[in-house]
Q: 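Provided herewith is a single structure, encoded as structure tokens, for subsequent inquiry.
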Amino acid sequence: MSPLELLILLGVATFIAVFAAVPIVWRLTRHDRAVRVRMKAARAQGRHETPSLHPVVDEGLWIGCGECGRGCPEQDVLDLYRHKSVVVDASECVGHGICERVCPVGAITLVIGTETRGVEIPRLTEFFETNVPGLYVVGELGGMGLIRNAIWQATQAVRHAARQPRGASEGAVELLIAGAGPAGIAAVLTAKAEGLRHRIIDQEALGGSLLHYPRRKLVMTYPASLPGVGEFPFREIEKEPLLEYWNQLMLEHGVAVEEGVRFDRVERADGGFVAHTSRGPIRAARVVLALGRRGTPRKLGVPGEERANVPIA
Ligand SMILES: Cc1cc2nc3c(=O)[nH]c(=O)nc-3n(C[C@H](O)[C@H](O)[C@H](O)COP(=O)(O)OP(=O)(O)OC[C@H]3O[C@@H](n4cnc5c(N)ncnc54)[C@H](O)[C@@H]3O)c2cc1C
């Protein structure tokens, strides 16, 4: 074969190879391109980072198996990009922490706040007591989401409170719990089990954030133990039956949540505390704040807005 023929042959072979390779490379990178577009859109709308609970991937640990993305039932939070797990849309995270649990190399942590949009969280002891002795902060208010964490923290806090010298001043309860979400529920059940004289108030009603989940939202949680009750029996349950379960528990244990009572502030008084609420002052030897992080959403003041989950016709 002459050098010219060899050159032509090489040219043709290169041409065919390039022609064949381009569609293959195009197809192989299709997923990454789609993820890149979604990441760009999320970044443009500020959805790539959120001050509420969301996953952070440790690039030093990931192995690119994609288990976290497959485990997360919420769409769009995590995906694989260039063979590594990335957070695409942090705002979609609802904080059930499945990604953290399914990651085989422990590369995922659920965090609150970001480097650029930090949130202030209280400094607490291992019993969730603040630097004011007798004042506890539990659940999401303390910076950590998830129902199982709320239950565990509240249990630890109230058990700790129960181990302190008893005795409340005249007209005071031994424990006031502000907030009746999962943390408040666990706190009041622990108070019952420990024989603490208590009151529990909530500006809305029993259930906490759960009340505001979308209709029939599947709630996922992990084993947790409720004092005086035993093992929390659900791993996956819809919002409505879970609310029913909380209400039933309160009835069975004779706990009455004082609903529609807003906690405004607390101050020291007579060796204990006085909490100022929309229903007047409440005196207590110790106070557990289980207020979550939703704050007090402003209402429109329109008829029917107090009704939960009204389907739109
Ligand atoms: C859409 C969505 C889906 C989620 N899905 C899951 C899931 O599947 N699994 C899971 O483990 N976690 C899930 N989470 C997270 C979970 O709901 C929270 O981590 C958990 O409810 C925190 O419990 P908490 O008791 O600390 O706070 P909250 O549940 O927020 O309860 C706080 C309570 O305090 C009351 N309160 C607030 N301010 C005042 C005041 N000033 N005076 C009186 N009362 C007050 C509120 O009315 C509320 O009842 C989800 C969250 C959201 C938003």
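Just so you know, ligand 1 is whichever comes first in the structure, and atom 1 is the first atom listed for that ligand.
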Q: Any idea which protein heavy atom is nearest atom 37 (C) of ligand 1, and the distance to it?
A: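 Nearest protein contact, heavy atoms only, for atom 37 (C) of ligand 1 is L291 O, 3.2 Å.
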
Q: For the 3.5 Å polar cut-off, considering only N or O atoms, please tell me whether A183 and ligand 1 meet it.
A: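 Indeed, backbone or side chain, A183 has an N or O that close.
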
Q: Where is the nearest protein heavy atom to atom 35 (C) of ligand 1: which residue, which atom, and how far?
A: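 Among all protein heavy atoms, the one nearest atom 35 (C) of ligand 1 is D202 OD2, 3.3 Å.
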
Q: Determine whether L80 and V88 fall in the same hydrophobic cluster, where Ile, Leu, Val, Met, Phe, Trp and Tyr are linked whenever their side-chain heavy atoms lie under 4.5 Å apart.
A: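 Different clusters.
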
Q: In terms of the angle between their ring planes, are F232 and W246 parallel, tilted or perpendicular, with boundaries placed at 30° and 60°?
A: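 The rings of F232 and W246 lie parallel, inter-plane angle below 30°.
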
Q: By number and element, which atoms of ligand 1 are closer than 4.0 Å to a non-hydrogen atom of V261?
A: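 Once the distances to V261 are compared, the set is 43 (C).
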
Q: Tell me the nearest of Q153, E74, E140, K217 to atom 20 (C) of ligand 1, using heavy-atom distances.
A: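 Among Q153, E74, E140, K217, the closest heavy atom to atom 20 (C) of ligand 1 belongs to E140.
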
Q: So if I count the atoms of ligand 1 from 1 in the order they appear, which ones are less than 4.0 Å from some heavy atom of G292?
A: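 What qualifies from ligand 1 is 27 (O), 30 (O), 32 (C).
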
Q: Using a strict 4.0 Å threshold on nitrogen-to-oxygen distance, state whether R235 and E231 make a salt bridge.
A: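 So R235 pairs with E231 through a salt bridge.
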
Q: What protein heavy atom sits nearest atom 10 (C) of ligand 1, and how far away is it?
A: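 Answer for atom 10 (C) of ligand 1: M220 O, 3.5 Å.
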
Q: Can you tell me if H54 and E92 form a side-chain donor-acceptor pair at under 3.5 Å?
A: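 Note: H54 and E92 side chains miss the donor-acceptor criterion.
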
Q: Nearest to atom 41 (N) of ligand 1, what protein heavy atom do you find, and at what distance?
A: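 Protein heavy atom at minimum distance: F263 O, 3.0 Å.
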
Q: Can a non-hydrogen atom of L210 be found less than 4.0 Å from any atom of ligand 1?
A: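 Not so, L210 does not reach ligand 1.
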
Q: Just jot down the ligand 1 atoms closer than 4.0 angstrom to any heavy atom of G139, in number order.
A: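 Once the distances to G139 are compared, the set is 26 (O).
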
Q: Carefully, step by step, assess K239 and R216 under the rule side-chain contact (heavy atoms from CB on, under 4.5 Å).
A: CA-CA 5 Å; K239 161 195 170 165; R216 301 197 58 201; over 6 Å; no

Q: Name the option, out of Q203, E258, R148, that contains the heavy atom nearest to atom 43 (C) of ligand 1.
A: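 Closest candidate by heavy-atom distance is Q203.
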
Q: Less than 3.5 Å between some nitrogen or oxygen of S209 and one of ligand 1, yes or no?
A: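 Yes, since at least one N or O of S209 sits under 3.5 Å from an N or O of ligand 1.
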
Q: Do you see a donor-acceptor pair shorter than 3.5 Å between the side chains of H212 and E204?
A: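 Yes, side-chain donor-acceptor contact under 3.5 Å.
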
Q: Show which side-chain atoms of residues 280-291 pair as donor or acceptor with protein atoms under 3.5 Å away, not counting sequence neighbours.
A:
residue, atom, partner, partner atom, Å
R283, NH2, D270, OD2, 2.0
R286, NH2, P165, O, 3.3

Q: Check whether R47 reaches the backbone of D89 with its side chain - one donor and one acceptor, N or O, closer than 3.5 Å.
A: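 Looks like no, no N/O pair under 3.5 Å.
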
Q: Determine whether the side chains of E100 and T109 contain a donor N or O and an acceptor N or O closer than 3.5 Å.
A: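 On atom types as modelled, these side chains do not qualify, holding no pair under 3.5 Å.
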
Q: Which option, G181, P182, G208, owns the non-hydrogen atom nearest atom 23 (O) of ligand 1?
A: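 Result: the heavy atom closest to atom 23 (O) of ligand 1 is in P182.
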
Q: Going by the atom numbers of ligand 1, which of them fall below 4.0 Å from some non-hydrogen atom of I147?
A: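 Per the distance check, 10 (C), 11 (O), 12 (N).
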
Q: Examine the proximity of ligand 1 to Y213 and report which part, side chain or backbone, both or neither, has a heavy atom under 4.0 Å away.
A: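 For Y213, only side-chain atoms sit under 4.0 Å from ligand 1.
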
Q: Restricting to pairs with a member in residues 127-147, which pass side chain to side chain donor-acceptor pair (under 3.5 Å), not counting sequence neighbours?
A: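 Listed once each, the pairs are Y136-H160.
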
Q: Show me which atoms of ligand 1 lie under 4.0 Å from any heavy atom of A290.
A: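 Going through ligand 1 atom by atom, the ones under 4.0 Å from A290 are 32 (C), 33 (C), 34 (O).
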
